[in-house]
Amino acid sequence: MSAILEVDGLFKSYGTTEILKDINVSIDKGEFLVLVGPSGCGKSTLLNCIAGLEPISGGSIRIAGQDMTEVSPKDRNIAMVFQSYALYPTMSVARNITFGMQVRGVDKATQAAKLAEVARQLQIEPLLNRRPGQLSGGQRQRVAMGRALVRDPALFLFDEPLSNLDAKLRVEMRTEIKRLHQDLGASMVYVTHDQIEAMTLATKIVVMKGGIIQQIGTPHEIYTRPANTFVADFMGSPAMNLIPARAQPDGTGSMIEIARDGADPLRLHDPRPSGVSGDILLGLRPEDMHEASKRPGEASQAGEVRIEVVEPAGADTFVVARLGGKEVTSRLSADTLARAGETLEFRFDLSKASYFAPETGERLG
Amino acid sequence: MTDVPYAPPTQSRALKIALRWGLYLMLTVFALWYLLPLFVMVTTSLKSLEEIRTGSLIALPREVTLEAWRTAWSGACTGIQCEGLRPYFWNSVLLAVPAVLISTILGAMNGYVVAQWRFRGANIIFALMLFGCFIPFQVVLLPMARTLGILNIAGTIPGLIFVHVIYGIGFTTLFFRNYYVTIPAELTKAAKIDGAGFFRIFWSIFLPLSLPIIVVTVIWQFTQIWNDFLFGVSFSQAGTQPITVALNNIVNSTTGVKAYNVDMAAAIIAALPTLLVYVVAGKYFIRGLTAGSVKG
Ligand SMILES: Nc1ncnc2c1ncn2[C@@H]1O[C@H](COP(=O)(O)OP(=O)(O)O)[C@@H](O)[C@H]1O
Ligand SMILES: [Mg+2]
């Protein structure tokens with residue numbers, strides 16, 4: 001597998017403000033890379049640098065093995081879909097899609113053939129003569145995709161293409177983009193601030209914060225082994241619980257002690273040889289806390305906790321309790337017996353827990 | 001029946017109607033007040049000198065005559081020549097049309113560059129151009145005269161066109177820049193990826209969006225240039241003077257009895273083109289001034 005995109009030691013500043021710091025990432029042909037991070041962390045800037053729309057301040061970008069530093073956007077063999085769609089307002093849908101070919105001097109017959117193919121693929125044939133202003137948000141989105149597809153580029157770039165759609169349409173288009181990726185086998189870089197989009201679409205996720213890459217990995221790696229508390233908190237909904245606790249060696253594993261309101265501390269055993277000790281943050285996903293009465297197991301891994309809030313959400317019910325002085329959310333089944341103000345016995349599954357250093361937030365073990 | 005404790009709805013309704021009529025009355029009075037000078041001008045221009053001397057200022061003409069208009073157009077004396085406004089009217093057309101077109105095109109290009117191609121120093125250059133809008137006419141008279149002399153176009157219509165283009169660029173750039181900054185930068189980016197260059201993007205994407213602001217700019221520039229007197233009187237010579245200068249000469253060079261009817265007709269002729277531009281394009285003018293962002 002050859003790398004289609006390699007970003008090496010990339011720096012980008014506007015004036016004296018450094019926006020991107022030492023970005024290193026590469027993707028292979030056919031991969032779906034998702035850049036995810038909070039608003040303003042530099043995702044669009046990175047995408048614009050890859051596209052050649054912004055000059056870079058340091059490092060290098062290679063597409064299909066070729067250095068791109070001096071190559072203009074039109075010659076990078078890329079296509080881009082923008083957050084605002086950026087359709088040309090005075091042109092018909094058909095012209096929006098063929099404009100690029102027209103500029104490049106592609107002959108009329110080829111233009112028509114490609115237009116027909118893309119229009120069929122995206123089911124926008126009835127819209128071809130309309131102006132962008134006469135389209136709904138979802139239709140505009142499709143046209144913007146069409147403009148990118150018709151180029152058949154080495155690399156697709158998407159900048160939050162779904163963020164202007166309503167929730168239902170967003171989920172539909174998400175599936176459609178995923179299907180498109182599978183059908184075309186295309187290489188894609190996709191920017192979003194929505195961690196669910198990232199998890200569902202990516203073959204590889206890059207989590208960014210403040211212009212610095214926090215972690216690169218498969219969705220599974222990012223979810224189960226977050227590199228620091230930022231990633232742990234950002235990826236997953238509800239977020240991973242970060243519970244102040246104390247650890248000490250216990251046989252081959254460790255003993256985790258968590259303060260509890262109105263009762264002795266919880267003492268839980270993690271059999272994995274993680275080697276953590278002292279003050280730590282215990283990272284526990286909401287689905288790794290179970291209702292003890294519904295899941296038999298070792299009594300030593302269970303304990304009563306007072307429930308503060310119960311939030312039914314259809315399939316799941318989210319139950320908020322307090323552990324180690326922090327709010328802790330668990331994902332229980334809809335028929336849970338938890339009642340606000342009463343206690344409930346939880347069983348904790350520490351085999352999937354993460355540990356973080358409280359001062360730095362870095363992952364331990 | 002006389003003592004009805006509760007009947008506010010009808011009362012407030014009557015009051016509303018009264019207020020509404022009061023408002024209309026007031027608006028009508030103001031409108032008439034504003035139109036009065038025009039009324040006097042038109043009626044006076046249609047009277048004979050004899051009637052002006054004997055009749056009242058605001059009376060309708062007893063006998064309508066176009067004699068004054070004919071004289072103003074082709075017979076009135078602007079000094080030693082007595083050819084009326086006609087040659088100067090064409091001077092103004094020959095001056096205003098190219099000057100408006102050139103300054104509008106340059107303003108569109110400048111505005112496009114400043115708004116969408118944020119090169120280093122773009123803001124400073126724009127600020128300087130903006131500053132150019134506020135330089136009083138009088139300040140540039142002498143340097144401009146010298147420049148025209150050096151360029152060897154002093155006293156010619158191309159010279160006047162040059163002056164008006166230079167002076168207008170600040171305004172036209174401002175108009176177009178403010179319009180183009182509302183167009184999302186992503187549009188330009190998309191076009192760049194599509195392979196379009198600087199001029200192609202301007203021509204295919206920005207210009208087709210620009211009709212409202214072109215109308216605003218054309219009206220503004222045309223009014224400014226057509227009505228200009230100071231540049232016209234400073235940088236022209238006999239034969240190249242614009243209509244405003246000729247109008248002044250007609251009004252001021254009459255000896256003996258003042259031909260008010262001719263003066264009024266001449267003034268109306270001089271003002272007609274700008275009036276026409278407003279009537280034809282006024283709808284777009286308002287729309288263009290308030291035009292907001294372009295939704296893709
Ligand atoms: N043209 C620019 N000039 C100066 N700062 C900019 C410019 N564009 C973006 N920035 C800054 O760079 C940072 C990252 O922006 P962006 O890449 O758009 O973030 P994201 O897409 O992750 O929300 C922001 O703090 C933003 O203010
Ligand atoms: Mg962004």
Side-chain angles (χ1 to χ4, degrees), chain A residues 14-15 44 47-55 71-93 95-106 131-135 137 139-141 143-144 147-148 150-151 153 155-157 159-161 164, chain B residues 108-109 111-127 176 178-217 284 287-288 290-296:
Chain A
Y14 286 114
S44 298
L47 211 59
N48 281 323
C49 288
I50 295 172
L53 295 168
E54 290 286 351
V71 180
S72 71
K74 69 174 169 32
D75 297 322
R76 292 193 179 202
N77 200 8
I78 51 160
M80 189 157 171
V81 177
F82 295 88
Q83 186 169 2
S84 66
Y85 313 136
L87 300 178
Y88 310 128
T90 55
M91 297 184 196
S92 68
V93 166
R95 271 213 69 203
N96 260 282
I97 293 174
T98 55
F99 182 69
M101 292 190 282
Q102 215 170 6
V103 172
R104 276 158 225 271
V106 173
R131 295 277 174 91
Q134 300 166 312
L135 303 179
Q139 291 170 329
R140 287 179 201 184
Q141 218 283 326
V143 176
R147 194 168 59 181
V150 81
R151 282 211 62 185
L155 183 64
F156 283 95
L157 306 174
D159 192 354
E160 309 215 15
N164 285 337
Chain B
M109 296 291 287
Y112 166 64
V113 171
V114 174
Q116 294 279 334
W117 296 74
R118 316 211 111 271
F119 56 93
R120 190 180 288 271
N123 281 334
I124 295 174
I125 290 195
F126 179 59
F176 279 96
N178 285 355
Y179 188 75
Y180 288 155
V181 286
T182 66
I183 296 177
E186 289 192 342
L187 217 53
T188 309
K189 290 182 178 176
K192 278 187 199 167
I193 289 180
D194 263 342
F198 179 88
F199 286 106
R200 183 68 191 248
I201 295 174
F202 179 64
W203 184 255
S204 296
I205 293 163
F206 280 78
L207 220 48
L209 281 172
S210 307
L211 183 65
I213 199 65
I214 289 176
V215 171
V216 168
T217 310
Y284 292 96
R287 212 182 287 166
T290 55
S293 72
V294 181
K295 289 249 164 75

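Values in this document were obtained by computation on a predicted structure and should not be read as measured data. Proteins get letters first, then strands, A, B, ... in listed order; numbering begins at 1 in each. All values below were derived from every heavy atom in this structure, side-chain atoms included, with hydrogens, water molecules and symmetry-related copies excluded.
Proximity to chain B is limited to the side chain of M91(A), based on heavy atoms less than 4.5 angstrom apart. Only the side chain of R151(A) comes within less than 4.5 Å of a heavy atom of chain B; its backbone N, CA, C and O stay farther away. Of the two parts of L135(A), neither the backbone nor the side chain holds a non-hydrogen atom closer than 4.5 Å to a non-hydrogen atom of chain B. Both the backbone and the side chain of A191(B) come within contact range of chain A, judged by heavy atoms closer than 4.5 Å. Contacts between S204(B) and chain A at a heavy-atom distance below 4.5 Å involve backbone atoms as well as side-chain atoms.
Every side chain to side chain contact (heavy atoms under 4.5 Å, CB included) that P73(A) has, sequence neighbours left out, goes to L53(A), I193(B).
More than 12 heavy atoms of other residues, nucleotides or ligands shown are found within 6.0 angstrom of CH2 on W117(B). Residue-environment remark: CZ (F119(B)) exceeds the threshold of 12 foreign heavy atoms within 6.0 Å.
Listed options D159(A), N96(A), V103(A), N48(A) were ranked by heavy-atom pairs under 4.5 angstrom with chain B; first place goes to V103(A).
Residues Q83(A) and E186(B) share a closest heavy-atom pair of N-OE1, 3.7 Å. Between K192(B) and K74(A), the shortest heavy-atom distance links the atoms O-CB, 3.6 Å. Between F99(A) and A196(B), the shortest heavy-atom contact is CE2-CB, 4.0 Å.
Between the CZ atom of F82(A) and the CG atom of L187(B) there is a distance of 9.0 Å, given to the nearest 0.5 Å. Here CZ of R200(B) is found 6.0 Å from CD of Q102(A). Values are rounded to the nearest 0.5 Å.
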